[in-house]
Amino acid sequence: MAKADPASLLTVDLGAIVANWRDLAARVAPARCAAVVKADGYGLGSVAVARALAKAGCRDFFVARLNEGLAVRDAVPEAARVTVLDGLMKGEAELYRRRNLTPSLNDPGQIEDWSAQAKAAGEKLAATLHFDTGMSRLGLTPKEGDALLADRAKLDGVALSYVMSHLVSSEEPNNPINAAQLAAFRKWRAAFPGVPASFANSSGIFLGPNYHFDVTRPGCALYGINPTPDRPNPMRGTAKLEARILQVREIDSPQTVGYGAMWKATRPTHVATIACGYADGWLRTFQGKGQAWLDGRSLPFIGRVSMDLITIDVTDAPMATQGKMVELLGPNLPVDDVAAAAGTIGYEILTRLGARFARTYIEP
Ligand SMILES: *Cc1c(COP(=O)(O)O)cnc(C)c1O
């Protein structure tokens, strides 16, 4: 029996992700370029992305959660570093050591636990030391940093892979907080001569070479989100989302469309219902603002976005017939534009991509 066509299809262009990584790597050379593949590779598949980037020469991967680190660890060579940003929680040290994962040490207790683990194992254990320079989320506070510098024996057994920090507003090049964080970070890194320093996320790379240090940590730019929101996007789009037209009907005034009767026909209208909804990550805030694309034509969302379905106005698009696939994200609908329509950022659109899509990966 022939395989049924999928109701919705996410196509991930691994070649475009690799091209974006190479582009960023060239911009930051001689600094190195890592890859942030947290949140399942910004929704596109951390294992597939990490594997493709490792093949292209990437040797540094960052994730948020320990379980993400375990998945990526199996996808990349043992010699590649996989750093877990969340920090070392109680009872996890042995698992980190056994699986060759590098913890980020974010507070004095984590430093103590990792140092104890190293001494017990009789070996040096790698870790990244995270200094908070303004985000006030994770990392050593300035006070904790000063205390550590006054008592370096606390780091016995720890082989520092990086000294790192994270920028607050790197997508705003004129925001003075960038320079303030840079100055604070310079002070911390100077206290650890010979240890590679890591500071810039995607947008940080575009703040210039002062921000590159030894290892950059781009995430969003790899996946095609514009790291320079005030300027044209230098990155390539990497994902295409298509949903099938399940049914088309004709309605006329005063009929309404969808839950809450939020949209009312004022003329004879052709309504197409497509197989995507908020359960797939297509947010309810698209109401009145979202669009689909078919054969060079924009098709506006009408009515509420529901769990499984979205309704679009195809009155002026006779080619929009049952079974056709419409584009929701892709060459005609770049992720940043899609996000703006929903009142959010590209990061949220990608990381909420649902589990119901058929997925196709285009190999580099
Ligand atoms: C998510 C994250 C990054 C990547 O940020 P982008 O803006 O997506 O490039 C880098 N560093 C840290 C610590 C992060 O949490």
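Start at 1 and go down the list; that is how both ligands and their atoms are numbered.
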Element-labelled atoms of ligand 1 that are located less than 4.0 Å from some non-hydrogen atom of Y42: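 It comes down to these atoms of ligand 1: 1 (C), 4 (C), 5 (O), 6 (P), 8 (O).
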Subset of ligand 1 atoms that lie under 4.0 Å from at least one heavy atom of G219: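 Close to G219: 4 (C), 6 (P), 8 (O), 9 (O).
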Reported [atom1]-to-[atom2] distance for the pair [X] and [Y], which is rounded to 0.5 angstrom:
{"X": "M164", "Y": "F185", "atom1": "CE", "atom2": "CZ", "answer": "8.0 Å"}
{"X": "I245", "Y": "I312", "atom1": "CD1", "atom2": "CD1", "answer": "5.0 Å"}
{"X": "D146", "Y": "L140", "atom1": "CG", "atom2": "CG", "answer": "10.5 Å"}

Measure the distance from [atom] to every protein heavy atom, then report the residue, atom name and distance (to 0.1 Å) of the closest one.
{"atom": "atom 12 (C) of ligand 1", "answer": "H166 CE1, 3.3 Å"}
{"atom": "atom 14 (C) of ligand 1", "answer": "K38 NZ, 2.9 Å"}
{"atom": "atom 5 (O) of ligand 1", "answer": "N201 CB, 3.5 Å"}

Ligand 1 contact by S203, heavy-atom criterion under 4.0 angstrom: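 S203: no contact with ligand 1 (<4.0 Å).
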Residue-ligand contact M164/ligand 1, heavy atom below 4.0 Å: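 Checking ligand 1 against M164, which is what was asked, there is a heavy-atom contact under 4.0 Å.
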Below 3.5 Å, N or O to N or O, backbone or side chain included: is there any such pair between [X] and ligand 1?
{"X": "V36", "answer": "no"}
{"X": "S202", "answer": "yes"}
{"X": "C220", "answer": "yes"}

Is it the side chain, the backbone, both or neither of [X] that has a heavy atom closer than 4.0 Å to ligand 1?
{"X": "P218", "result": "backbone"}
{"X": "Y347", "result": "side chain"}
{"X": "R217", "result": "both"}

Say whether [X] and [Y], considering side chains only, have a donor N or O and an acceptor N or O under 3.5 Å apart.
{"X": "Q247", "Y": "Q322", "result": "no"}
{"X": "N226", "Y": "T228", "result": "yes"}
{"X": "E171", "Y": "S203", "result": "no"}

T128 vs S161, side chain to side chain donor-acceptor pair (under 3.5 Å): CA-CA, chis, key distance, verdict: CA-CA 5 Å; T128 289; S161 50; 2.9 Å; yes
side-chain contact (heavy atoms from CB on, under 4.5 Å) between N201 and F62, intermediate numbers included: CA-CA 11 Å; N201 65 332; F62 287 83; over 6 Å; no
Criterion side-chain contact (heavy atoms from CB on, under 4.5 Å) on L283 and E348, from CA distance to verdict: CA-CA 10 Å; L283 309 170; E348 191 178 28; 4.2 Å; yes
